[in-house]
S.K.: 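Pasting a structure here, questions to come.
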Amino acid sequence: MLRTRVGATRGVAAGLVLVLTGALAACTSDPVDPARAGTVAVGVDLPFVSLNGATAAGRAPGSVLVRGLVQSGFTTLAADGTVEQDASFGTVEKVADDPLTVRYTIAPTARWSDGVAVTPADLLLEWAARSGQLDEVVPELDADGAPAGDLDDVVAFGATSAALAHASAVPAVDGATLTVVYDTPVADWQVALDVNLPAHVVGRLALDPAAPRFPAQEPAADATARAEAPAPGASGTAASDATPAPGATPDATTTSAPEATSTPGATAAPDPAQDAERWAAAVVAAVQQQDRAALVPLSRVWRGAGRAGAVAADPTLTTTTGPYVLERVDDGGVEAVRNEAYAGERPAAFDRVRLRTDLDPLAQVAAVGSDELDVAAPLSTADVLAAAVDADDVTVVTGGDAVLQLVVQEAAGGAFDPAAHASAADPAGAAAELRRAFLAGVPREQAVNDVVAPLWEGAEVSDVVAAQVGAEAPAAPQPGEGDADAEDADAGDAQAGDGGAPATTDAAPERVTVRVLANTADPVRAGVVDALVEAGRRAGFDVEPVEATDPAGTLRTRPEDWDVAVVPVAQEDLPVAALAARWRTGGATNVTGHADAALDATLDALVAQRDPAVVPAQVAEVSAALVASGAVLPLVRTPVVTLTAERSADEDPGLPVLDPVPALTPGAADLTWWWRWTRR
């Protein structure tokens, strides 16, 4: 990580306008709004999409960033994949190994921003959504990863977790605890379940006939289903009065609605706390009794309740548990204010945080220099870094994010598919030999020095295969030398695997065409591709870039179009399950067709590991096997840059004075750690 103080003139972007509590000065000589010291303005190019962290929209980088600011929970996932617990929210503990049993205990200090206590109902709702046990259909996903099709008349949360899918029994509720029992062990048990959307809000929107329709265009059939669902407290009817499913017994945790007191001719206003308790109890009853009439609207509301448009339209949908709470969502970004109900151990340090997404990268740099932004994390390019160097009183922090990896297509008839070497005595061995020969000639050091180091002087060759951001894992052995600069490669007489030409066999002609897929709109990946083309030519391969309007879509759906791909591997919310899905034979996200029975056995042992302390060594074993087989070659971390306005209380009165903010890593699955500078 690099920190530098560099300068030019403030006022480069004096015409930029920042919409906050008032107009801000374009230079430090102008009067400053006294409220400005309690407000921090941050610029990014990561739009907020959803507060629902269990959906594809909620896992988008901009959504992860906002949730890290406004949401607290039992655990957070650090950049290096380690799990940290927040005791002021509660505890997660493994209480039995066989079967794996995990108990969640909610602390008295865990509260939603509307003042309502967090309860097991919130966790039970999330289990219902993520376990897949109550879904009546498995919905198809659209291009954005969201459930598609007509789901209005079925129970379809459409967000099954690879971990909670193994917890088929309804979790047990006892006071402030909820206990999950897994059918089979899962290594990600520490982060498998946490609070997400508030049960009392989702329950009211889904089950209260008097609540506004949600979403706004509610299908008539679903509206009827909601109207027929039991409404706790409506006309004196309690949730426990609902007709249970056959064989079900009303649970003691379902609470009856207290009768409202009233005077003749007047209607008593409902007590908010009692209302919240009733609707949370209705969610518990629906899940425990598997009440389809209630679960259909509950699943529909859950799927859409966190979306940015819905949050902007209904303030109740901004209900979260962190030190800040969303106050405004608009086209320019989001604005969060201090959560007065927060009672955790890391309260807000500022009154207000404005996250702007309406400025391009160069405008972000100028806005920091002119005091319109306090922090910015623009896209890291040569132009952006040069502009930062020319800005006055700006601290520049550079670092690394997700690892760029070269993955090899082993199926679909390409150069590295055993089917393309059918005439060889050992087609699979010939294909593997060719893969290793190609990867041995990849100029990793050149990619670091020529492409990434100009943007991040701390860049170095990475050996990380598993998805992590900002930190290196134990090195995996690499095939051949592989790090020699292209000019050092001897294409004439080098042997396969030594960084030179491929061995000449029946299946490996003297020159092999290798099609490389990458998003070349990213200058870093474009630079890596250029290095591959030149190094391949010298090593006896004809490397040809693939022209694709949608590289990500081509990666997933057209394996026949590419032989190798340059991809950044972002962190996942279930790190172990994600690694297995990516490399197990037939895995859900296995885009390369890699198949290895021995590796599958190693992955099976990894995903069933109960002891978190053992996981890193097993991940390293998987990584080494993948590299040795020529399935993947890590290259270098993608560069990131973050700018902080450099000020002093004496020279910049009325403006927030910050220590240098760490580099923002958009590839992280959890960015709670990044926002620590906004907490006390």
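Small disclaimer: the values here were computed from a predicted structure and weren't measured.
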S.K.: Which atom pair, heavy atoms only, marks the closest approach of Ala376 to Val368?
M.R.: CB-CG2, 3.5 Å
S.K.: Less than 4.5 Å apart, side chain to side chain, heavy atoms only: is that true for Thr642 and Pro662?
M.R.: no
S.K.: What's the separation between atom CG in Asp374 and atom OG1 in Thr678, rounded to the nearest 0.5 Å?
M.R.: 12.0 Å
S.K.: To the nearest 0.5 Å, how far apart are CG in Asp393 and OG1 in Thr644?
M.R.: 12.5 Å
S.K.: Could you give the distance from CZ (Arg444) to CG (Asp463), rounded to the nearest 0.5 Å?
M.R.: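 Interatomic distance, Arg444 CZ to Asp463 CG, rounded to 0.5 Å: 5.0 Å.
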S.K.: Output yes when Glu84 and Arg676 qualify as a salt bridge under the 4.0 Å nitrogen-oxygen rule, no when they do not.
M.R.: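 Looking at Arg676 together with Glu84, the answer is yes, because their closest N to O distance falls below 4.0 Å.
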S.K.: Does the side chain of Val661 reach to within under 4.5 Å of the side chain of Trp674, using non-hydrogen atoms?
M.R.: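 Side-chain contact under 4.5 Å: yes.
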S.K.: Side-chain donor-acceptor pair under 3.5 Å between Thr82 and Asp80, yes or no?
M.R.: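 Short answer, yes.
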S.K.: Among Leu439, Val514, Asp563, Asp417, find the residue that satisfies the side-chain contact (heavy atoms from CB on, under 4.5 Å) test when tested with Val408.
M.R.: Leu439
S.K.: Using distance alone, with no hydrogens and no angle criterion, decide if Thr76 and Asp670 have a side-chain donor and acceptor under 3.5 Å apart.
M.R.: no
S.K.: Hey, mind stepping through Asp371 and Arg647 against salt bridge (Lys or Arg N to Asp or Glu O under 4.0 Å) and telling me if it holds?
M.R.: CA-CA 10 Å; Asp371 288 333; Arg647 306 185 182 116; 3.2 Å; yes
S.K.: Any chance the side chains of Glu410 and Thr592 put a donor and an acceptor closer than 3.5 Å?
M.R.: no
S.K.: Under 4.5 Å between any side-chain heavy atoms of Thr398 and Glu457, yes or no?
M.R.: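 In short, these two side chains do not touch, never coming nearer than 4.5 Å.
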S.K.: Starting at CG of Asp401, measure out to CZ of Arg637 and round the result to the nearest 0.5 Å.
M.R.: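 Rounded to the nearest 0.5 Å, the CG-CZ separation comes to 8.0 Å.
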S.K.: Which residue in the set Thr395, Val394, Asp392 passes side-chain contact (heavy atoms from CB on, under 4.5 Å) when paired with Glu646?
M.R.: Thr395
S.K.: For the residue pair Asp45 and Gln364, establish whether any side-chain heavy-atom pair is separated by less than 4.5 Å.
M.R.: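 Side-chain contact under 4.5 Å: yes.
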S.K.: Out of curiosity, Thr638 OG1 to Leu455 CG, how far, rounded to the nearest 0.5 Å?
M.R.: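 Between Thr638 OG1 and Leu455 CG, I get 10.5 Å after rounding to 0.5 Å.
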S.K.: Taking atom CG of Leu633 and atom CZ of Arg435, what is their separation to the nearest 0.5 Å?
M.R.: 13.0 Å
S.K.: What class does the angle between the rings of Phe438 and Phe416 fall in, given that below 30° is parallel, 30 to 60° is tilted and above 60° is perpendicular?
M.R.: tilted
S.K.: Nearest heavy-atom pair of Leu517 and Pro551: which atoms, and what distance?
M.R.: CD2-O, 3.7 Å
